[in-house]
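Structure in C-alpha cells, see below.
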Protein chains: 2
Amino acid sequence: MSDVSVIGRGITTFGKKDETIKSMLVEASRKAILEAGKPKVDAVFVGNFTAGQLANQEILGSILTNELGLGNVPSVKMEGACASGGLAFRHAYQLVKAGEYDTILVAGAEKMTNQDTETVTHAINNAMDRETNEQVSGLTFPGFFGVVANRYMHEFGAEKKHLAMVALKNRNYARFNPIAQFRKNTTLEEIMNARPVTDPLGLFDCSPISDGAAAVVIQRGKNGVQILSSGQASGTPVMQEVDNMMHIAATNESANKAYEAAGLGPKDIDVIELHDCFSMTEIIAIEELGFFDKGKGWEAVEKGLTKHGGMVPVNTSGGLLSKGHPIGATGIAQIIQIVDQLNQRACNQVEHANIGLSQNLGGTGAYSVVHIFGKKGA
Amino acid sequence: MSDVSVIGRGITTFGKKDETIKSMLVEASRKAILEAGKPKVDAVFVGNFTAGQLANQEILGSILTNELGLGNVPSVKMEGACASGGLAFRHAYQLVKAGEYDTILVAGAEKMTNQDTETVTHAINNAMDRETNEQVSGLTFPGFFGVVANRYMHEFGAEKKHLAMVALKNRNYARFNPIAQFRKNTTLEEIMNARPVTDPLGLFDCSPISDGAAAVVIQRGKNGVQILSSGQASGTPVMQEVDNMMHIAATNESANKAYEAAGLGPKDIDVIELHDCFSMTEIIAIEELGFFDKGKGWEAVEKGLTKHGGMVPVNTSGGLLSKGHPIGATGIAQIIQIVDQLNQRACNQVEHANIGLSQNLGGTGAYSVVHIFGKKGA
C-alpha cells in the first residue's frame with residue numbers, strides 16, 4: 001500500500017487527428033494540471049514508442065516541460081513499445097512513493113496516422129526482436145496474434161464468434177465514450193464478415209492506427225484515487241522461445257506482483273482496463289490476470305461475465321479495439337478510465353466500483369505492467 | 001548522501017563496429033555483471049536515443065533482459081537524446097536509493113555507423129524541437145554550436161586555437177584509452193587546419209558518429225564507488241527562446257542540484273567527465289559547472305587548468321570528441337571513467353582522485369544530468 005493519488009487527468013479525442021504530437025501532449029497535460037488544481041509539478045514523465053520514426057521528434061519530456069512553462073524540472077521519455085505509457089506511470093509512482101518527488105505529470109502520446117500503413121507497420125515491428133525473430137519469421141503483430149488465435153481455438157474449442165463477441169462488447173462500450181475513435185453501432189454479423197487481416201482475425205479484431213494523448217497528475221497524499229500497487233514483468237520478445245503460446249507470462253507475473261503488493265486478488269477487483277490490442281489478447285489476458293482458468297476465457301465472454309452484470313466489466317472505455325490505440329497514450333488512457341470508474345463518473349459506469357485494475361502490454365509479451373487503484377478515501 | 005554503489009562496469013570499444021546494438025549491449029552488460037560478482041539483478045534500465053530509426057529496434061530493455069537470461073525482471077528504455085544514458089542511470093540510482101530495487105543493471109548503447117550521414121543527421125535532429133525550431137531555422141547541431149562558438153569568441157576574446165586546445169587535450173587522453181575511437185597522435189596545427197564543419201568548428205571540434213555500448217551494475221551498500229548525488233534539469237529545446245546563448249542553463253542547474261544534494265562544491269571535485277559533444281561545449285560546461293567564471297573558460301584551457309597538473313582534469317577518457325559518442329552509451333561511459341579514476345585504475349589516472357563528477361547533456365540544453373561520486377569506503 002502507498003500514499004500516492006491520481007489528482008487530475010486529461011485526454012484528447014483518439015483517432016485520425018490534424019494535431020502534432022506536441023500539441024496533443026500539451027492539450028492532455030493542460031487539462032490534467034488544471035483538474036489537479038494547478039499544483040507545483042516536480043517532474044514530467046512521457047510515454048511514447050514511435051515518435052522518432054513517425055513524428056520525427058524525440059526529447060518529448062523536455063519539449064512538453066518547456067511548452068507548459070514548468071521551468072527546469074527533470075523530465076524523461078520512457079519506452080517499452082505499447083507499454084510505454086504504463087511504464088512511465090509506474091516509474092513516476094515509484095518515485096513519488098519514495099519521496100523523490102511530490103507531484104509528477106505523466107503523459108503519453110503517439111502520432112501515427114500521418115504515415116502510410118507500411119511505414120507504421122515497420123515502426124511497430126521494432127517491438128519485436130528483429131535479429132532473432134522478425135527477420136527469420138516475417139511475422140507482424142497481427143500475424144503473431146492470428147497464430148495464437150488459431151492455436152487457442154484448436155486447443156480450447158473457442159470459435160471465431162467468441163473473438164467477435166469481445167470486439168462487439170468493446171464497441172458497445174465505446175459508443176458512450178466521447179473520446180473513442182469508433183463509436184458507430186455494429187453487429188456480430190458485421191464483425192464476423194469484416195475484411196480479414198490475418199486469419200482468423202478480421203478488421204474489428206485488431207486495434208486501429210490512432211493519434212492521441214493522455215495525461216495524469218499524481219501526488220503524494222490521499223487527494224484522489226489511490227494507487228495501491230504496481231507490478232511489472234519482462235518476457236521473451238522472441239516467439240520461438242515461448243514454451244506455450246497460450247500463456248503470456250509477463251501479463252500473469254506482473255498481475256501477481258501487483259496483487260501481492262496490494263494484498264488483493266482477482267476477487268477484489270470491480271473493474272478492469274486491459275490490453276486488447278487484438279480480441280484474442282483480451283481473452284488471454286482475462287485468464288492470465290486470474291479471473292478465469294486457462295482455456296475458459298472464451299466461455300466467460302460467451303456468458304457475458306466480462307461486461308456489466310457479469311463477474312467483472314472489462315474495457316468499459318471501449319478498449320484499444322474501439323477507443324483506439326495511440327500507443328504511448330494507451331497505458332495512461334486505461335488508468336484514466338479506471339480513475340473515472342472509481343470516481344463514479346465514467347462512461348459505462350460500473351456500480352460499486354471500489355477497486356480497479358489496469359494492464360498494459362508491450363510487444364508480444366516483452367513487457368507487462370499492472371496497476372491497482374482504490375477509490376478516494378477508501 | 002546515499003548508500004548506493006557502482007559495483008561492476010563493462011564497455012565495448014567505440015567506433016565503427018560490425019556488431020548489432022543487441023550484441024554490443026550484451027557484451028558490455030555481461031562484463032559488468034561478471035565484475036560485480038554475478039549478483040541477482042532486480043531490474044534492467046537501458047539508455048538509447050536513435051535505435052528505432054537507425055537500428056530498427058526498440059524494446060531494448062526487454063531484449064537485453066531476455067538475452068542475459070535475467071528472467072522476468074522489470075526493464076525499460078529511457079530517452080533524453082544524448083543524455084539518455086545519464087537519465088537511465090539517474091532513475092536506477094533513485095530507485096535503488098528508495099529501496100524499490102537492490103541491484104540494477106544500467107546499460108546504454110547506440111548503433112549509428114550502419115547508416116549514411118544524412119540519415120544519422122536526420123535522426124539526431126529529432127533532439128531539437130522540430131516544430132518551432134529546426135523547421136524554421138534549418139539548424140543542425142554542428143550549426144548550433146558553431147553559432148555559439150562564434151558568439152563566444154566575439155564576446156569573450158577567445159580564438160579558434162582555444163577550441164583546438166580542447167580537442168588536442170582530449171585526443172592526447174584518448175591515446176591511452178584502449179576503447180577510444182581515435183587514438184592517433186595529432187597536433188594543434190593539424191586540428192586548426194582540418195576540414196571545416198560549421199565555422200569555426202572543424203573536424204576535430206565535433207564528436208564523431210560512433211557505435212558502442214557501456215554498462216554498470218549499481219547496488220545498495222558500500223561495495224564500490226559511491227554515488228553521492230544526482231541532479232537533473234530540463235531546459236528549452238528552442239534556440240530562439242534562449243536569453244543568453246553563452247549560458248546552458250540546464251548544465252548549471254543540474255550541477256547545482258547535485259552539489260547541494262552531496263553537500264559539495266566545485267572545489268571538492270578531483271576529476272570530471274563532461275559532455276564535450278563539441279570543443280565549444282566543453283569550454284561552456286567548465287564555466288556552467290562552476291569551475292571558472294563565465295567567459296574565462298578559454299583562458300583556463302590556455303593555462304592548462306583542465307588537465308593533469310592543473311585545477312581539475314577534464315575528460316581524461318578522451319571525451320566524446322576522441323573516445324567517441326555512441327549516444328546512449330555516453331552517459332554510462334562517462335560514469336565508468338569516473339569510477340575507474342576513483343578506483344585508481346583509470347587510463348590517465350589522476351593522483352588523489354577521491355571525488356568525481358560526470359555531466360551528460362541532451363539536445364542543445366534540453367536535458368542535463370550530473371552525478372557526483374566518492375571513492376569506495378570514503
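First the proteins, then the strands, lettered A, B, ... as listed; each starts at 1.
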Residue part contacting chain A, namely of Ala250(B), when any heavy atom lies under 4.5 Å: neither
Neighbour count >12 (heavy atoms, 6.0 Å) for atom CD, Glu241(A): yes
Using a cut-off of under 4.5 Å for heavy-atom pairs, which of Ala127(A), Gly362(A), Gly80(A), Ala81(A) has the most such pairs with chain B? Ala127(A)
Please state whether the side chain, the backbone, both or neither of Ile63(B) comes within less than 4.5 Å of a heavy atom of chain A. both
Taking Gln94(B), Glu253(B), Met78(B) one by one, which has the highest count of heavy-atom pairs under 4.5 Å against chain A? Gln94(B)
Reported CD-to-CG distance for the pair Glu58(B) and Asn125(A), which is rounded to 0.5 angstrom: 12.5 Å
Residues in residues 98-116 of chain A that sit under 4.5 Å from chain B, counting heavy atoms only: Ala98(A), Glu100(A), Tyr101(A)
Selection from Thr20(B), Val369(B), Ile21(B) maximising heavy-atom pairs under 4.5 Å formed with chain A: Thr20(B)
Scored by heavy-atom pairs under 4.5 Å with chain B, the best of Ser254(A), Ala233(A), Gly363(A) is Ala233(A)
Considering only heavy atoms, which portion of Asn66(B) lies under 4.5 Å from any heavy atom of chain A: side chain, backbone, both, or neither? side chain
Which atoms of Ser75(B) are under 4.5 Å from chain A, going by heavy atoms: the side chain, the backbone, both sets, or neither? both
So which part of Thr65(A) gets closer than 4.5 Å to some heavy atom of chain B, the side chain, the backbone, both or neither? side chain
Side-chain contact test, heavy atoms from C-beta onward, threshold under 4.5 Å: evaluate it for Asp129(B) versus Lys22(A) and give yes or no. yes
Contact origin within Val76(A) toward chain B - heavy atom pairs under 4.5 Å: both
Please tell me if the side chains of His122(A) and Asn56(B) come closer than 4.5 Å, counting only heavy atoms from C-beta onward. yes
Would you mind checking which part of Leu60(B) comes under 4.5 Å of any heavy atom in chain A, side chain (CB onward), backbone (N, CA, C, O), both or neither? backbone
Of Asn126(A), Val73(A), Val44(A), Val46(A), the largest count of non-hydrogen pairs under 4.5 angstrom with chain B goes to Asn126(A)
Against chain A, work out which of Ser23(B), Gly52(B), Ser62(B) has the most heavy-atom pairs shorter than 4.5 Å and name it. Ser62(B)
Within a radius of less than 6.0 Å around CG of Asn244(B), do more than 12 heavy atoms belonging to other residues, nucleotides or ligands occur? yes
Using the rule side-chain contact (heavy atoms from CB on, under 4.5 Å), only one of Pro237(B), Ser84(B), Ser234(B) pairs with Ile59(A); which is it? Pro237(B)
Closest contact, heavy atoms only, Lys257(A) versus Asn72(B): NZ-O, 3.8 Å
Taken to the nearest 0.5 Å, the spacing of His91(B) NE2 from Leu95(A) CG works out to 6.0 Å
Closest contact, heavy atoms only, Gln232(A) versus Pro74(B): OE1-CB, 3.3 Å
Given side chains that start at C-beta, do those of Asn48(B) and Glu79(A) come closer than 4.5 Å, heavy atoms only? no
Is it the side chain or the backbone of Gln57(B) that comes within 4.5 Å of chain A heavy atoms, both, or neither? both
